[in-house]
Amino acid sequence: MNVSPNLLPLSDPGQAPTTGGWRLDHSYAQLPSVFHAPVAPTSVAEPRLVIFNRRLAETLGLEAATLTRPENAAWFAGNSLPPGASPLAQAYAGHQYGRFVMLGDGRALLLGEQLTPHGERFDIQLKGSGPTPFSRRGDGRAALGPMLREYLISEAMHAFGIPTTRSLAVTASGEAVYRDTPLPGAVLTRVAASHLRVGTFEWAAACGEPDAIRVVADYTIQRHYPKLCGEEQPYLALLHAVMHRQASLVARWQGVGFIHGVMNTDNMALSGETIDYGPCAFMDTYQPATVFSSIDHQGRYAYANQPAIAHWNLSRFASTLLPLLHPDADAALALANDALKTFPHTFRAQWLLEMRAKFGLFNEEMDDAELIESLLTCLQEHGADFTNTFRDLSADALPDCPLAGRATFQTWHARWQDRLKRQPQPLEEARGLMRRHNPAFIPRNHKVEEALAAATVQGDLSVLEQLLEVLAHPYDYTSNRPEFSTPRAPSAGIYRTFCGT
Ligand code: AMP
Ligand code: MG
């Protein structure tokens, strides 16, 4: 089966940048109309840039000096459109907590795809920009706190080197949004390799247009997996490739203790980027059952469940691809199932890759998984901090490690030292590897809350900016900032996060 010629390969149409460096293209808009709805953004009362990501703007070919002029805050609030923008809301469906729903951008719109000086293409999306045809009962708006939270955590993820959507700006709207109480409103400018999701395919499969799934599959291949174009079975190859990126992504999350919190299929990006920072948070003490989201009563999206949930979501993805895999339904199902069966193994391999680096291991030995798991068990038994334990091991600062006095840890440590000595690389190189994979700083929950409270209640952005600066260099072992690496006091009670919609 060859990729059908639904779309020409994505190419740079070559138009010159306009004011501010905007070079917006619209490849997604060429998909059939079931995939999008045009939207006129609704103006807000008083757009004002709260935070702007200069470094990101530069990599996008955008001129920070122009974009940050007060009058241009209108571009980031939907009060006016940047040159070349053509706003639309994307259609998608999704399984939310296992239940199928037709969704779509209910509070977001795509301005277009910025073509960068490096020949890349990134979606520029406004989130919180007002009602769309997909808003259902929602107001289409977002509150400042959650949008700053997305900005902060997504930029931290990027600094870890974990694939993620980025945040270009947060703009205050000058209007209140009403949740339980009135809150300051804001719009986030999100930058993504694309906003294609598992849910986009679920929409295509459910929308009743016979060719929709093939068209969006071809588009996804062209946009994110162009090497698969020539494959004999491009759609099966797509399934494998998406599975591989998700395995790798979730392994990276596990490595830094990141809990996404709402791994619904509409929040799983086909590019392999982390997307939708709602109730996410980082685990302090190593407890695999950790859940932060206030609505996740069953622990569906707990830390330890993330790989299995990724697998489940991928099975939803695979089922949308069935008509493309084989003309015979049973044969298609067999192909999909055979592919899906490989996920646990693929994930385990990615997890071991991540973990070996965290433990300073360059080569492979049979007992590595057991060595790794026995430290994790020890952390769990003693309620030790996940990040700081690995930081202390990486810094060779054992006396600082609260586990140092524990007999089980001492036995483990001696075993680990022997293992390190059995590899050809000297200890110093192993520590270097560890320091590149074990962050010294993560967004600590109380520091995040403190920064957001200062920004939203007092209007003081300096606390957030300072935290962003620390998190821009998470592997900086030369900086000793205990106030940023001490976990939240257990006496503060259970930490809970909210969707923030
Ligand atoms: P999320 O929980 O952010 O992944 O959103 C799930 C779905 O709810 C998506 O279709 C969103 O567009 C929609 N949604 C979330 N918040 C709002 C809102 N305030 N107004 C309209 N739609 C919303
Ligand atoms: Mg979402």
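Note that this is a predicted model, so its numbers are computed, not measured. Whatever order the structure lists them in is the order used to number ligands and atoms, beginning at 1.
By the 4.0 Å N-to-carboxylate-O rule, Asp218 lies too far from Arg223 to be salt-bridged with it.
Applying the 4.0 Å criterion to heavy atoms of Arg179 picks out, from ligand 1, the atoms 19 (N).
At a heavy-atom distance under 4.0 Å, only side-chain atoms of Tyr92, from C-beta outward, approach ligand 1.
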**Request:** Applying side chain to side chain contact (heavy atoms under 4.5 Å, CB included), run through His224 and Arg245 and close with a yes or a no.
**Result:** CA-CA 11 Å; His224 297 303; Arg245 281 197 198 169; 4.0 Å; yes
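Nearest residue to atom 19 (N) of ligand 1 from Asp105, Asp139, Ile275 is Asp139 (criterion: closest heavy atom). Around atom 22 (N) of ligand 1, the closest heavy atom drawn from Ala91, Gly106, Ala93, Pro279 belongs to Gly106. Within the set Arg137, Arg136, Glu150, Arg141, the minimum heavy-atom distance to atom 7 (C) of ligand 1 is found for Arg136.
Taking backbone and side-chain atoms together, Asp266 has no N/O/S atom less than 2.8 Å away from the Mg ion (ligand 2).
Relative orientation of the Phe76 and Trp22 rings is tilted, given thresholds of 30° and 60° on the angle between their planes. Ring planes of Phe317 and Phe201: perpendicular class, angle over 60° (limits at 30 and 60°).
The OD1 atom of Asn267 and the OD2 atom of Asp276 subtend an angle of 80° at the Mg ion (ligand 2), given to the nearest 10 degrees.
Tyr277 does not carry Lys127 over the face of its six-membered ring by the limits of under 6.0 Å from the centre and within 45° of the normal. Relative to the ring axis of Trp312, Arg300 places its NZ or CZ within 45° and under 6.0 Å from the centre.
Checked by distance only, ligand 1 and Phe134 stay at 3.5 Å or farther apart across all their nitrogen or oxygen atoms.
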